[in-house]
Amino acid sequence: MRIALMVIRLILLVPYYFARIWWYSLPKNQDYREAYRFIRKVVIRANKAGRVRIEAKGLENLPAEDGFVMYPNHQGMFDVLAVIECCEKPFAFVSKKEALNLPLVKQVIKALGSIGIDREDIRQSMGVIAQMTDEVRQGRNFLIFAEGTRNRDGNCVHEFKGGSFKAAQRAKSPIVPVALVDAYKPFDESSIRPLTVKVIVLPALTYEQYKDMKTVEIAQFVREAIEEAIRNEVRS
């Protein structure tokens with residue numbers, strides 16, 4: 001219902017938005033920073049049209065230099081939209097391969113230089129990690145959901161997979177935990193009532209802080225930090 005509301009309220013602009021994003025998705029036109037700026041403007045308008053307010057905290061914790069990886073909990077399809085609205089720094093994201101078959105989502109993925117992953121194909125997954133590692137080393141920022149798939153349990157956080165941290169570890173990049181609160185509500189609830197989704201950026205882990213940890217230990221540390229942030233936010 002909320003997606004329909006977004007489309008209806010922006011119906012006159014939808015053809016332009018789609019055409020522009022499609023243009024950015026073409027290899028000859030790819031400019032990730034410019035594409036991100038435009039897509040972020042679209043996202044902000046779409047969220048407003050859908051009566052969703054994003055409340056961001058801790059943006060000062062984003063590293064000053066590019067080449068970092070954000071690790072949010074995964075509540076639903078709205079997660080990336082929430083982070084894009086509050087994050088001025090361009091980033092790409094790792095999504096499941098099925099998203100490459102969705103109209104507009106497919107173009108956004110290509111325009112931002114994001115990567116589709118097949119978690120059932122070990123060789124392809126290793127290739128994604130290698131590609132992501134190289135791009136982070138070159139100064140690109142990424143977002144990846146360490147839970148692997150949305151948990152469908154509201155503000156609960158499921159197990160974080162250690163393998164999701166291999167690219168950041170190999171690139172020796174900062175790891176940025178991000179806590180999402182109520183991000184499941186916009187698209188999972190059959191309602192168009194006004195909502196507030198909270199995005200809490202936690203202090204980044206530098207390579208020096210995690211270099212002696214195994215990926216499963218990093219995953220557990222990040223998950224616990226996010227769980228604590230969500231508990232504190234829900235209680236307040």
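Checked by atom type, the side-chain pair E147/N73 shows no donor-acceptor distance below 3.5 Å. Checking E34 against Y24 by side-chain atom types alone, a donor-acceptor pair falls below 3.5 Å. In this structure, a donor-acceptor pair under 3.5 Å is present between the side chains of N47 and E85. Of the N and O atoms on the side chains of R223 and Y71, not one donor lies less than 3.5 Å from an acceptor on the other residue.
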Derivation of the side chain to side chain contact (heavy atoms under 4.5 Å, CB included) call for F165 and V69: CA-CA 9 Å; F165 294 84; V69 185; over 6 Å; no
Please step through side chain to side chain contact (heavy atoms under 4.5 Å, CB included) for the pair C87 and L62, ending with a clear verdict. CA-CA 9 Å; C87 184; L62 287 171; 4.0 Å; yes
Run I226 and V178 through side chain to side chain contact (heavy atoms under 4.5 Å, CB included) and show every step you take. CA-CA 7 Å; I226 290 173; V178 179; 5.8 Å; no
Between T196 and D182, is the side chain to side chain contact (heavy atoms under 4.5 Å, CB included) condition met? List the steps. CA-CA 7 Å; T196 297; D182 294 339; over 6 Å; no
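Put simply, the side chain of V52 reaches to within 4.5 Å of the side chain of R2, judged on heavy atoms. Contact check for D118 versus S125: no side-chain heavy atoms found under the 4.5 Å cut-off. The closest side-chain heavy-atom distance from V83 to D79 is not below 4.5 Å.
K161 NZ: more than 12 foreign heavy atoms inside a 6.0 Å radius. For K89, the NZ atom sits in a packed shell: over 12 heavy atoms of surrounding residues, nucleotides or ligands are nearer than 6.0 Å. The 12-atom threshold is not exceeded at CZ of R45, counting heavy atoms of other residues, nucleotides or ligands nearer than 6.0 Å.
For the pair N29 (side chain) and W23 (backbone), a donor-acceptor distance under 3.5 Å is present. Not a single donor-acceptor pair under 3.5 Å links the side chain of E60 to the backbone N or O of V201. Within the 3.5 Å criterion, the main-chain N or O of G67 finds a donor-acceptor partner in the side chain of N141. No donor-acceptor pair closer than 3.5 Å links the side chain of Q107 to the backbone N or O of S25. Side-chain atoms of Q30 never come within 3.5 Å of backbone atoms of G113 as a donor-acceptor pair (strictly under, hydrogens ignored).
Considering only residues two or more places apart in sequence or on other chains, F187 meets the ring pair (Phe, Tyr, Trp, His ring centres under 6.0 Å) condition with F78.
When the options R137, Q138, Q131 are evaluated for a side-chain hydrogen bond (donor to acceptor under 3.5 Å, both in side chains) with E135, the one that passes is Q131.
For the atom pair OH of Y207 and CD1 of I175, the computed distance is 10.5 Å after rounding to the nearest 0.5 Å.
A cation-pi geometry, defined here as NZ or CZ lying under 6.0 Å from the six-membered ring centre and within 45° of its normal, does not hold between R140 and F91.
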